[in-house]
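Below is one structure; the comments refer to it alone.
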Amino acid sequence: MPHSPAVEVRGLVKRYDGRAVVDGLDLAAAAGHVTAVLGPNGAGKTTTVECCEGLRSPDAGTVRVLGLDPVADGPALRPRVGVMLQDGGLPTGVRAREMLDHVARMYAHPLDTDVLSERLGLGAFARTTVRRLSGGQRQRLALAVAVVGRPRVVFLDEPSAGMDPQSRLAVWELVRELRDGGVAVILTTHLMEEAEGLADHVVVVDHGTVIAAGSVPELLATEAAPHGDASATLVVHTASDVDPAGLADHLGTGVAVERRSGSSLAVTGTVDPSTVAGVTAWLAARDVLVTRLDLGRRTLEDVFLDLTGRSLR
């Protein structure tokens with residue numbers, strides 16, 4: 001990370017009802033980088049980002065954005081910072097294109113709204129009021145509003161939530177262009193594929209503090225949790241549901257098995273030819289058809305679950 005980060009948080013503490021939801025957190029985000037801030041619900045990441053945006057005041061610690069205090073220096077920072085909230089934060093009675101044009105007029109040198117509208121496909125719903133937009137359409141408009149002023153720092157909250165694959169790719173391409181143009185992009189998302197594909201630096205937050213940080217390759221190279229070495233993952237797709245505990249017992253120590261979406265299982269640990277043979281033989285003995293086998297490297301989702309646990313919160 002550069003010596004003078006665009007966003008720097010040191011020892012941040014924020015309490016609600018006497019409970020510290022952010023507890024001594026440190027974070028730095030560089031210009032020309034995408035920094036992904038990840039964490040389970042209630043981990044403290046949203047409160048941290050809101051302190052960086054000037055929406056909340058810290059109880060302790062320091063927050064600096066472009067060297068300024070986002071609360072005390074809010075008027076000076078606003079023209080230089082773009083904020084995209086997950087719910088858009090937009091007035092619901094205004095038409096989409098009118099909203100974008102209105103915000104653009106607040107800046108001395110905004111982006112070309114026609115070009116930006118075309119990039120994000122806003123033309124299809126330009127005359128639709130915000131309240132009638134779908135979730136994905138509202139997110140695209142919120143992104144356009146956040147970047148139209150050419151910010152030096154932009155905060156993106158779940159930027160592709162609710163979007164179809166085409167819209168998601170358009171958003172990701174725009175985020176990469178912002179980064180390549182020297183913008184500091186701070187991204188919060190629950191979509192691990194999004195974080196893995198976009199982030200130059202990842203910060204994992206849990207229980208109000210940073211529990212891991214680094215580039216995606218650095219995090220993927222870390223040791224897994226005690227349930228095994230997850231450097232390899234075999235995802236088994238089957239035509240019917242399978243008991244993961246039974247398969248795990250069959251494969252023995254050194255291998256973990258967990259259910260994933262639908263009728264699929266993830267086998268992690270020492271995945272070698274004998275492991276694959278053991279999986280298919282066990283399934284065949286139970287007359288379970290294998291529809292697909294995927295053998296891949298460890299993913300950011302694997303790292304995230306190893307770090308924060310697999311139980312619901």
Side-chain angles (χ1 to χ4, degrees), residues 36-43 45 135-136 158-165 167-169 172 187-199 202 204-206 211-212 216-313:
V37 182
L38 309 179
N41 291 331
K45 63 184 186 300
E158 305 283 354
S160 66
M163 292 185 185
D164 57 39
S167 299
R168 182 176 296 119
L169 288 176
W172 290 359
L187 166 73
T188 56
T189 181
H190 285 100
L191 184 61
M192 293 298 111
E193 179 189 1
E194 182 167 69
E196 187 165 350
L198 293 176
V202 176
V204 183
V205 177
D206 201 8
I211 59 172
V216 171
E218 287 169 346
L219 292 178
L220 294 180
T222 59
E223 289 296 321
H227 60 356
D229 173 11
S231 58
T233 300
L234 175 68
V235 180
V236 185
H237 304 266
T238 59
S240 56
D241 288 339
V242 175
D243 174 27
L247 178 56
D249 289 341
H250 172 73
L251 295 174
T253 59
V255 176
V257 182
E258 65 175 355
R259 189 183 305 281
R260 291 215 172 162
S261 58
S263 298
S264 64
L265 300 173
V267 179
T268 57
T270 306
V271 178
D272 55 23
S274 65
T275 306
V276 177
V279 169
T280 55
W282 187 85
L283 293 171
R286 285 150 184 80
D287 199 28
V288 175
L289 177 65
V290 176
T291 58
R292 196 173 84 201
L293 288 173
D294 295 324
L295 180 60
R297 62 175 177 80
R298 194 180 185 203
T299 67
L300 187 59
E301 181 172 339
D302 296 321
V303 175
F304 181 81
L305 291 173
D306 285 337
L307 289 168
T308 64
R310 295 165 189 264
S311 58
L312 296 176
R313 301 194 183 185

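All residue numbers refer to positions in the sequence shown, counting from 1.
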Any [X] side-chain heavy atom under 4.5 Å of [Y] side chain:
X    : Y    : result
T280 : L293 : yes
S264 : R292 : no
R259 : D241 : yes
I211 : T308 : yes
L300 : L38  : yes
P159 : W172 : no

[X] side, atom [atom1]; [Y] side, atom [atom2] - distance, nearest 0.5 Å:
X    : Y    : atom1 : atom2 : answer
T233 : L265 : OG1   : CG    : 12.5 Å
L220 : T299 : CG    : OG1   : 7.5 Å
L305 : T268 : CG    : OG1   : 10.5 Å
E158 : E194 : CD    : CD    : 7.0 Å
D249 : D243 : CG    : CG    : 8.0 Å

message: Suppose we screen for side-chain contact (heavy atoms from CB on, under 4.5 Å). Which residues come up paired with A239, at least two apart in sequence or across chains?
response: L289, T291
message: Applying the side-chain contact (heavy atoms from CB on, under 4.5 Å) criterion to V235, which one of L295, D294, V267 satisfies it?
response: D294
Can you give me the closest heavy-atom contact between [X] and [Y], atom names plus distance?
X    : Y    : answer
A43  : V205 : CB-O, 3.3 Å
S240 : V288 : OG-CG1, 3.9 Å
G39  : K45  : O-NZ, 2.9 Å
M163 : R168 : O-NH2, 3.1 Å
A212 : L307 : CB-CD1, 3.6 Å

query: Can you name the salt bridge (charged side-chain N to carboxylate O under 4.0 Å, His left out) partners of E196, sequence neighbours left out?
result: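 Testing E196 for salt bridge (charged side-chain N to carboxylate O under 4.0 Å, His left out), a comparison that skips the adjacent residues, returns R297.
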Salt bridge (charged side-chain N to carboxylate O under 4.0 Å, His left out) involving E258 - partner list, sequence neighbours excluded: R260, R310
task: Using atom types as modelled and distance alone, determine if a side-chain donor or acceptor of T275 lies under 3.5 Å from a backbone N or O of T270.
output: yes
